[in-house]
Amino acid sequence: MLTVNAIAATSATEPLVRTTVERRDLGPRDILIEISYAGICHSDIHTVRGDWGRVAYPLTVGHEIVGHVTAVGPEVTRHAVGDRVGVGCMVNSCRECANCRAGQEQYCEAGNTGTYAAVDRDGTITQGGYSTHIVVDQDFVLRVPTEIPIEAAAPLLCAGITTYSPLAHWKAGPGKKVAVVGMGGLGHMAVKLAAAMGAEVTVLSQTLGKKDDGLAFGAQHYYATSDPATFEALRNGFDLIVNTVSAPIDINQYLSLLRLDGTLVSVGAPPEPLPVQVFSLFGGRRSFAGSSIGGIAETQEMLDFCAERGIAAEVEVIGADQVNDAYERVLKSDVRYRFVIDVDTLR
């Protein structure tokens, strides 16, 4: 076992603290990664604060991980020492169900193994990327193109693929009108990706405070949802709406913005239920859907797409001792647009 420095939550209410975690010895197909940067996702905060269920503490979170390979098992063929790599939201799956065989490991019928707070193959609880090293099976390690600044690549492993996957699935592109609800960590990536795919992009945010950013990221239109006139002006206007916020919203208001056969897909995950009136769907054969991350192949496709088009996350790099302050700022939407921990400050 390898003991490495880390940051962990000890309870749902206490600040995160410096500690150590154990990493397993390299198996035949395992890769040891020295982590350079780890993004802070809203999911990290929900998890450590118990919003999504019971948690086994102490817990190290973080599933936006980039770094370099420092050792490989004898059967590893996909990566070599020195490679620039990343790890996202999962580190294993059953590999046998229909979804896994189709390259949709995120929808593993047995449940994929999350990068943190999941039961690993050895029965231990997985510990995430707020740490100096991690050991991961080669099949769940991504190649990070050198065209993307490494610190700005970290959020792509969650925020990037979480928005890329539904945009690709519902075929955002030329001739499609796409609305993005929210301009935070997920939302700013959705805007960049949808615009790069060729869609006409509209941002729906509570205020116009980030309008200049939204337009700079590729949106053609920007509306404040705090203005009731917005919902009248945009009624029946969109083929696809991507809801990125992790707070309750009136889904029925947003469903009214869909045109015939349009889809509203939620990728943000508030802890509270989102009530839907069925009659909101009847008016235009509308659909309300959810989407998780992407499979490993699609995540690599997303990284390559971003490299080819010069897309990266907008990040604020922080030290390990700033994580608790960063959590509070995320909850206040006081970040543009993703905090990334410089893991060198943990060594």
Side-chain angles (χ1 to χ4, degrees), residues 33 37-44 61-67 84-93 99-100 102-108 112-116 118 128-129 134 136-137 139-145 147-173 178 180 182 184-197 199 217 240 242-246 265-269 289-315 337-338 340:
I33 301 168
Y37 295 93
I40 293 178
C41 177
H42 210 139
S43 299
D44 302 345
V61 294
H63 55 206
E64 299 179 340
I65 301 166
V66 290
R84 199 177 194 241
V85 294
V87 178
C89 301
M90 57 183 171
V91 291
N92 214 335
S93 70
N99 292 346
C100 284
Q104 301 286 343
E105 302 93 346
Q106 74 276 31
Y107 300 123
C108 175
N112 70 66
T113 303
T115 304
Y116 59 75
I134 192 169
V136 182
D137 184 290
D139 292 342
F140 288 80
V141 176
L142 288 306
R143 178 182 55 81
V144 176
E147 293 87 347
I148 307 172
I150 191 166
E151 70 279 5
L156 301 181
L157 278 303
C158 175
I161 187 57
T162 296
T163 50
Y164 181 91
S165 188
L167 289 168
H169 179 77
W170 277 279
K171 297 179 171 55
V178 175
V180 176
L186 288 171
H188 91 288
M189 287 307 311
V191 171
K192 289 188 175 191
L193 291 166
M197 291 174 178
F217 296 156
L240 177 65
V242 181
N243 172 30
T244 71
V245 300
S246 292
V265 56
S266 277
V267 296
S291 178
S292 183
I293 54 172
I296 294 301
E298 187 176 45
T299 305
Q300 188 64 63
E301 174 185 297
M302 176 274 305
L303 288 168
D304 294 340
F305 179 90
C306 289
E308 291 166 5
R309 289 161 177 79
I311 297 172
E314 303 294 318
V315 301
Y337 282 87
R338 205 66 156 184
V340 172

Grab the two heavy atoms, one from [X] and one from [Y], that are nearest each other, plus how far apart they are.
{"X": "L186", "Y": "A159", "answer": "CD2-CA, 3.5 Å"}
{"X": "G114", "Y": "V91", "answer": "O-CG2, 3.7 Å"}
{"X": "S246", "Y": "H42", "answer": "CB-ND1, 4.1 Å"}
{"X": "A196", "Y": "I311", "answer": "CB-CD1, 3.5 Å"}

Quick one: are [X] and [Y] in side-chain contact, heavy atoms under 4.5 Å?
{"X": "I296", "Y": "M90", "result": "yes"}
{"X": "V340", "Y": "P155", "result": "yes"}
{"X": "H169", "Y": "S291", "result": "no"}
{"X": "L156", "Y": "M302", "result": "yes"}
{"X": "F140", "Y": "V87", "result": "no"}

Donor-acceptor contact below 3.5 Å, side chain [X] vs main chain [Y]:
{"X": "E314", "Y": "Y337", "answer": "no"}
{"X": "Y107", "Y": "S292", "answer": "yes"}
{"X": "T115", "Y": "G88", "answer": "yes"}
{"X": "Q104", "Y": "G295", "answer": "no"}
{"X": "R338", "Y": "C41", "answer": "no"}

[atom1]-[atom2] distance between [X] and [Y], expressed to the nearest 0.5 angstrom:
{"X": "T162", "Y": "M189", "atom1": "OG1", "atom2": "CE", "result": "10.5 Å"}
{"X": "Y116", "Y": "C89", "atom1": "OH", "atom2": "SG", "result": "7.5 Å"}
{"X": "E105", "Y": "N112", "atom1": "CD", "atom2": "CG", "result": "9.0 Å"}
{"X": "C158", "Y": "I65", "atom1": "SG", "atom2": "CD1", "result": "11.0 Å"}
{"X": "T299", "Y": "I161", "atom1": "OG1", "atom2": "CD1", "result": "4.0 Å"}
{"X": "L193", "Y": "H188", "atom1": "CG", "atom2": "NE2", "result": "9.0 Å"}

Exercise for review: Might you work through the side-chain contact (heavy atoms from CB on, under 4.5 Å) test for L167 and L240, ending with a clear yes or no?
Suggested key: CA-CA 8 Å; L167 289 168; L240 177 65; 4.0 Å; yes

Exercise for review: Go through the steps for D44 and H63 under the test side-chain contact (heavy atoms from CB on, under 4.5 Å), then give the verdict.
Suggested key: CA-CA 8 Å; D44 302 345; H63 55 206; 4.2 Å; yes

